2 protein chains.
Amino acid sequence: MTDTIFGKILCGEIPADFVYEDEHAVAFADIDPKAPVHLLVIPREPLPSLKDAVQEDCALLGHLLHVCKVVAEEAGLDEGGYRVVTNIGEDGGQSVAHLHFHVLGGRTMQWPPG
Amino acid sequence: MTDTIFGKILCGEIPADFVYEDEHAVAFADIDPKAPVHLLVIPREPLPSLKDAVQEDCALLGHLLHVCKVVAEEAGLDEGGYRVVTNIGEDGGQSVAHLHFHVLGGRTMQWPPG
């Protein structure tokens with residue numbers, strides 16, 4: 001659980017300001033933001049990535065996406081729009097082995113998405 | 001429901017080869033692929049975008065993400081990795097007003113994600 005930087009944030013070993021938290025998820029700012037608003041939404045459960053999710057994780061996955069929507073709305077992104085991204089493995093560019101969703105907005109996002 | 005290209009695909013008005021389909025979701029190749037594998041996962045329900053999702057949509061959202069995982073696995077992306085993206089509104093680059101998830105893999109995805 002504390003093997004990754006997100007695990008350490010969840011257990012309080014590394015400080016972070018949560019912009020959202022509940023029983024299953026927390027959200028905080030990315031330390032290396034790629035847009036005026038760049039938040040991360042992660043589960044408290046240490047699921048490594050989307051490819052490790054099983055059918056039983058669907059409720060958690062849906063909750064995490066809904067939290068993305070909530071934090072984006074609270075950050076004032078609903079009118080302009082935003083992008084939600086999750087990276088899986090090396091080709092995906094996943095840098096931390098703890099499932100996380102990037103919420104990016106406040107600028108026009110380009111296409112392709114990386 | 002048939003207002004968008006995805007609505008027309010869902011009702012059969014525009015042909016598409018589904019790589020996955022169930023009661024709630026379908027998946028097919030993006031017509032303008034940005035990676036060797038570029039699939040779209042969409043709900044049959046015409047939810048315009050993630051920002052329009054409400055608490056009651058969490059099960060559907062979780063299911064859609066799980067379908068992304070399944071189609072990525074079936075496309076052989078698990079070992080190399082992949083990226084899952086959803087665009088919301090103008091800044092997000094959303095081009096069709098029907099919720100859809102892009103699944104991209106088969107190459108190294110760059111950062112930032114657009």
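Throughout, a chain's letter reflects where its sequence line sits, starting with A, and its residues are numbered from 1. Small disclaimer: the values here were computed from a predicted structure and weren't measured.
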Residue A/V54 versus chain B: region with a heavy atom under 4.5 Å:
backbone

Give the cluster check for A/Y20 versus A/L39: same hydrophobic cluster or not, with ILVMFWY residues linked at side-chain heavy-atom distances below 4.5 Å.
yes

Check: A/V84 and B/I88 side chains under 4.5 Å, non-hydrogen atoms
yes

Do any N or O atoms from the side chain of A/R83 and from the backbone of B/N87 form a donor-acceptor pair under 3.5 angstrom?
no

Quick check: do B/D32 and A/W111 have side-chain heavy atoms less than 4.5 Å from each other?
no

With chain B as the partner, which of A/A72, A/A35, A/P113, A/G106 has the greatest number of non-hydrogen pairs under 4.5 Å?
A/P113

Mind checking whether B/L77 and A/D91 have side chains closer than 4.5 Å, heavy atoms only?
no

Name the one of A/D57, A/L61, A/L64 that satisfies side chain to side chain contact (heavy atoms under 4.5 Å, CB included) with B/L65?
A/L61

Pairs of heavy atoms under 4.5 Å with chain A: top-ranked of B/E90, B/H63, B/K34, B/R107
B/R107

Starting from A/L99, can I reach B/F101 by hopping between I/L/V/M/F/W/Y residues whose side chains sit under 4.5 Å apart?
yes

Do B/V67 and B/V26 sit in the same hydrophobic cluster, where Ile, Leu, Val, Met, Phe, Trp and Tyr count as joined when their side-chain heavy atoms come under 4.5 Å apart?
no

So do the side chains of B/K51 and A/E73 get within less than 4.5 Å of each other, counting heavy atoms only?
no

Honestly curious: do A/I14 and A/V96 fall in one hydrophobic cluster under the side-chain, below-4.5 Å linking rule?
yes

B/L60, part contacting chain A, at a heavy-atom distance under 4.5 Å
neither

Mind ranking B/Q110, B/H66, B/H102 by heavy-atom pairs under 4.5 Å with chain A and telling me who comes out on top?
B/H66

Mind checking whether A/Y82 and B/Q94 have side chains closer than 4.5 Å, heavy atoms only?
no

Which one wins on heavy-atom pair count under 4.5 Å against chain A: B/G89, B/C68, B/G62?
B/G62

